[in-house]
Structures are given as structure tokens and as C-alpha cells.
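Contents: one structure, followed by commentary.
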Number of protein chains: 2
Amino acid sequence: MDRKNIPRATVRRLSLYCRYLAEIREQDIEYVSSRELGGGIGTNAAQVRKDLSFFDRFGTPGRGYPVGFLHQRLEQILGIDGRRWQVAIIGVGRLGSALVDYGGFLKHGFHVVAVLDSDKKKIGQTVKSLTIEDVADLKAVIERSRVDIVVVAVPAEFAQRVATQAVDAGIRAVLNFAPATLILPEEVNLRHVDLAVAMESLSFHLIR
Amino acid sequence: MDRKNIPRATVRRLSLYCRYLAEIREQDIEYVSSRELGGGIGTNAAQVRKDLSFFDRFGTPGRGYPVGFLHQRLEQILGIDGRRWQVAIIGVGRLGSALVDYGGFLKHGFHVVAVLDSDKKKIGQTVKSLTIEDVADLKAVIERSRVDIVVVAVPAEFAQRVATQAVDAGIRAVLNFAPATLILPEEVNLRHVDLAVAMESLSFHLIR
DNA sequence: CTATGTGAAGGCCTTCACAGCG
DNA sequence: CGCTGTGAAGGCCTTCACATAG
């Protein structure tokens with residue numbers, strides 16, 4: 001099974017299945033059918049079975065999927081089992097600081113190990129026991145802290161530069177919050193969280 | 001042209017084209033080719049032409065697209081020209097408050113007109129000259145302030161309830177930041193901004 | 001000769017439908 | 001008999017390629 005050939009949409013749903021399974025696991029439910037699992041994340045039974053079939057035969061015909069086992073396997077597949085991904089956040093504005101102590105990071109195996117900014121007034125201050133470092137030292141910080149994932153939370157006009165520097169320093173995964181399109185080498189994993197795009201798509205569909 | 005039949009991906013790119021056009025318009029560039037426009041947002045020329053052809057013939061063969069005109073038309077199409085969409089933000093935690101004064105809202109025709117929370121200690125306090133109201137009064141607030149779009153920024157366990165209440169109060173567009181899958185009627189426009197999903201999809205692709 | 005607009009082809013993802021297993 | 005796993009069908013979106021306009 002080559003991870004490159006898995007549909008993006010499937011990976012997205014894997015996260016949602018995983019979250020749903022965590023919830024019903026708490027309720028000591030032992031088996032879940034593809035229909036229930038699909039309903040729980042807003043898709044259908046066939047989609048669930050197809051998604052899971054990319055990886056293995058997790059289910060038992062006539063019964064469904066064993067909740068605990070499937071949950072555990074999905075965490076392995078997503079790479080959030082035990083493992084700790086080292087995250088650096090660049091840009092400590094409103095959004096950046098909200099992200100630093102966003103509980104969700106730690107909970108799911110992501111660990112913020114560095115915070116950077118270009119503002120001399122911020123450099124040296126601490127956020128959640130992390131000292132804000134100079135973005136000019138990005139490469140050194142990435143290497144020293146063994147950063148896996150870079151979160152870009154700087155103003156739009158600096159986003160491309162910062163992202164390129166991160167990639168030059170060896171980074172292969174970038175999560176961009178800046179309202180800007182980043183152009184990076186094909187092999188770099190890039191995700192956008194774009195408020196403007198989301199709002200405008202709502203606006204588009206509200207008309208008429 | 002029925003807005004319902006436009007591919008989601010096309011609407012998404014419309015926002016990106018619009019942003020790119022705004023940038024080069026500043027530089028007094030008069031015409032842009034589909035190739036340049038595509039390159040600017042990380043797609044190709046054919047895609048640009050197909051996307052735009054859903055709406056009109058904006059271009060001039062041999063020259064390209066007139067930047068100012070196309071920008072203006074895309075703003076109209078997206079519904080962000082002059083018009084003001086009224087936004088309510090539910091949940092004034094770290095994320096919620098970061099959103100309230102996130103400049104990007106106002107700039108593009110979105111106007112935060114109400115902020116709500118369930119925490120008695122927060123209700124009555126002000127954020128950016130808005131008084132935090134009781135989420136129990138959601139329906140009244142939505143009607144009084146003529147809210148078009150609801151932003152859900154509450155903890156996951158309350159997200160579904162709050163969203164359902166908003167829809168019952170007549171809301172037809174929801175932007176969800178909570179790490180939870182919302183199940184809402186088909187006709188409601190729903191967008192998710194899901195950090196966990198984005199991070200986990202990066203994690204998935206980083207393995208091996 | 002350059003660059004758009006668009007039917008047709010291609011590719012990817014979702015849905016169907018059913019064989020087969022428990 | 002219920003529910004999974006999966007090839008095949010279907011549908012949607014992207015890419016191609018060329019007729020057409022300036």
C-alpha cells in the first residue's frame with residue numbers, strides 16, 4: 001500500500017473516523033457498522049468500506065468493525081500513535097499565539113517545540129514556556145529542535161519567503177494560515193487553512 | 001448560470017484568483033494571461049479558463065484578461081462587493097477572540113455584529129466594542145442583528161447543539177472551527193476549518 | 001501569431017451491487 | 001441472514017487540443 005496513492009479525501013475522512021471512534025470507544029461500544037460510522041461523520045456506508053479497504057480488512061462480516069482495534073490501527077496509519085511530531089510556529093500575532101497553546105496540538109501527538117517572529121520586541125519573550133526566537137535563525141532552530149512541521153502564521157506578504165526558507169532548511173511539511181498562495185516544490189506537503197476562502201465560498205452560495 | 005452547479009473547487013479558486021488579481025492590480029498591470037493567473041495560485045492555464053468560462057467571457061484572445069475588470073467581476077460573483085455579510089461568532093475562547101478582531105473579516109465585506117458565549121463570567125464583557133451575549137439568547141440575537149453567517153468556535157461537545165440552534169433560528173451558512181463533525185440539513189452551507197484534520201493529513205504523508 | 005473559450009478525453013473519486021464470509 | 005470487501009459503473013473535475021477571435 002503506497003501512501004502516495006491514497007485519495008486526499010480518504011485521508012481527511014480517516015481523521016474523522018478516528019475522532020468518531022474515540023468518542024464511541026468511551027461509551028464501551030464494541031462494534032460499529034460501516035453505516036453507523038459513515039453517519040457519524042456525514043458520509044455513507046460504501047464510502048467507509050472503500051476508504052478502509054485501502055489499508056486492510058478490519059471488519060467482520062455480519063458484525064461490523066471492532067471499535068477499539070480499528071481506532072488503534074487508524075492512529076497508527078495517521079502517524080499519531082505514541083510518536084511525537086515536532087512543530088515550529090512562525091509568527092506570534094493573534095493567530096500564532098492562539099495556536100501555541102491550542103490544546104489540540106499536544107493531545108494528538110503534535111508538540112510545539114519552537115516559536116519564532118521577526119519583531120525585535122517579541123523576540124526573547126516567552127509563550128507557554130517557549131522563548132520566541134528570531135526568524136532570521138530559522139534554519140538553525142529547525143535543525144537544533146529537529147522540527148518536522150512548520151506552521152506559517154505570519155502576514156501574507158512574508159509567508160512565501162518564510163515557507164521557502166523552511167523548505168531550504170529541510171522541512172517537508174507546511175501548514176499555512178496566511179492568506180496567500182504558497183508555491184513550494186511538489187514533494188513538500190502543504191496544507192492551507194484559509195479563512196477568507198472559506199468565508200467567500202459561504203458568501204458565494206448565500207447569493208440568490 | 002446556476003450557482004449550485006459550480007464545482008466547489010472552482011469557487012475555492014475564484015477566491016484565490018481574486019486575491020492574486022488584487023495584488024497585481026496594485027502594480028498597475030492591465031492584462032494577465034491564464035497562464036500567469038494560474039501560476040500565481042498554483043494551478044494551470046486550462047483550469048483558469050475553464051473556471052472563468054462558467055460565468056462569462058472575460059478575456060480577450062491574444063491579450064489575456066483585463067485585471068481591474070476581472071477583479072471587480074469576481075468580487076461581484078463571490079458576493080463581496082460593497083455588500084456586508086453579518087457574522088456572529090459563538091464561543092469567545094482563545095480562538096474565538098482571535099477571530100473577532102481578525103482584520104481579514106472586515107476587509108472583505110464580513111462584519112462581526114455579535115459575539116456569544118455560555119460562560120456567565122464572560123457574558124456582559126466587551127470584545128472590540130461588542131458586548132458578549134448569552135448563547136441561550138442565540139435565536140433573539142440572530143434575528144435582532146440580522147445575522148447571515150454563524151461562526152462556531154465552542155468546544156467540540158457543544159458544537160452540534162449550537163449549530164442546530166442557529167439553523168433553527170434561520171441561519172443558512174455555518175463556519176465550524178470545533179473539532180467535531182456537524183450534521184446539518186442539506187440546504188445549509190457548511191464549511192469546516194479543522195486543525196486536527198490538517199495536521200493529521202500532514203502526519204500521514206510524512207511517514208516513510 | 002498569441003491567447004481565449006470549449007467540446008471531448010481522461011483521470012480520479014464515489015456509489016452501486018453483489019459475491020462471500022461469519 | 002447481516003454486513004463486509006470489492007470489481008464495475010457512474011459522475012464529477014481536470015486536462016487536452018483545437019477552432020476562433022483579435
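Below, chain A is the first sequence line, B the second, and so on; all start at residue 1.
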* How far apart are the C-alpha atoms of A:Y65 and A:S34, what are their side-chain angles, what is the distance that settles it, and do they pass the side chain to side chain contact (heavy atoms under 4.5 Å, CB included) test? -> CA-CA 8 Å; A:Y65 300 92; A:S34 56; 4.0 Å; yes
* So A:R83 and A:W85, side chain to side chain contact (heavy atoms under 4.5 Å, CB included) or not? Walk me through it. -> CA-CA 7 Å; A:R83 183 154 199 168; A:W85 296 103; 3.5 Å; yes
* Asked: Is there a salt bridge (charged side-chain N to carboxylate O under 4.0 Å, His left out) between B:E143 and B:K139 once you walk through the steps?
  -> CA-CA 6 Å; B:E143 285 164 3; B:K139 190 182 169 77; 3.6 Å; yes
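In this structure, the CZ atom of B:F58 is 11 Å from the P atom of C:dT6, given to the nearest Å. Regarding A:Y31, its OH atom lies at a distance of 18 Å from the P atom of C:dC21, rounded to whole Å. One can place CZ of A:F54 at 12 Å from P of C:dC12, the figure rounded to the nearest angstrom. A straight line from CZ of A:R12 to P of C:dT14 spans 10 Å, rounded to a whole angstrom. The distance from atom CG of A:D51 to atom P of C:dC13 is 11 Å, rounded to the nearest whole Å. Atom CG in B:N5 sits about 14 Å away from atom P in D:dG11, given to the nearest Å. In this structure, A:L52 places its CG atom 16 Å from P of C:dC13, rounding to the nearest Å. Between the NZ atom of A:K50 and the C1' atom of D:dG7 there is a distance of 7 Å, rounded to whole Å.
Sequence order on DNA chain C of the closest nucleotides to B:S53 and A:T10 puts B:S53 first from the 5' end.
Taking only side-chain atoms of A:A9, from C-beta outward, the nucleotide of C:dT6, D:dT14, C:dC13 with the closest atom is C:dC13.
Of all heavy-atom pairs spanning B:E200 and A:S15, the tightest one is OE1-OG, 2.8 Å. A pairwise comparison of heavy atoms in B:V92 and B:L116 identifies CG2-O, 3.6 Å as the closest pair.
Using a 4.5 Å heavy-atom threshold, the side chains of B:L70 and B:L37 count as touching.
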Polar atoms only, N or O, under 3.5 Å: list the protein pairs with nucleotides 19-22 of chain D and their distances.
none

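Residue pairs satisfying the side-chain hydrogen bond (donor to acceptor under 3.5 Å, both in side chains) criterion with at least one member in residues 171-190 of chain B, sequence neighbours excluded, are listed as follows: B:N176-B:H192.
Of the residues listed (B:I90, B:D168, B:I171), the one engaging B:L138 in a side-chain contact (heavy atoms from CB on, under 4.5 Å) is B:I90, and it is the only one.
B:Y65 has a side-chain polar atom (N or O) that falls below the 4.0 Å cut-off from OP1 or OP2 of C:dG5. For the OP1/OP2 pair of D:dC13 and a distance below 4.0 Å, the side-chain nitrogens and oxygens of B:R8 include no atom meeting the criterion.
Annotation: cation-pi geometry satisfied between A:R3 and B:F204 (NZ/CZ under 6.0 angstrom from ring centroid, within 45° of ring axis).
Within residues 33-49 of chain A, the residues approaching DNA chain D are A:S33, A:S34, A:R49, by heavy-atom distance under 4.0 Å.
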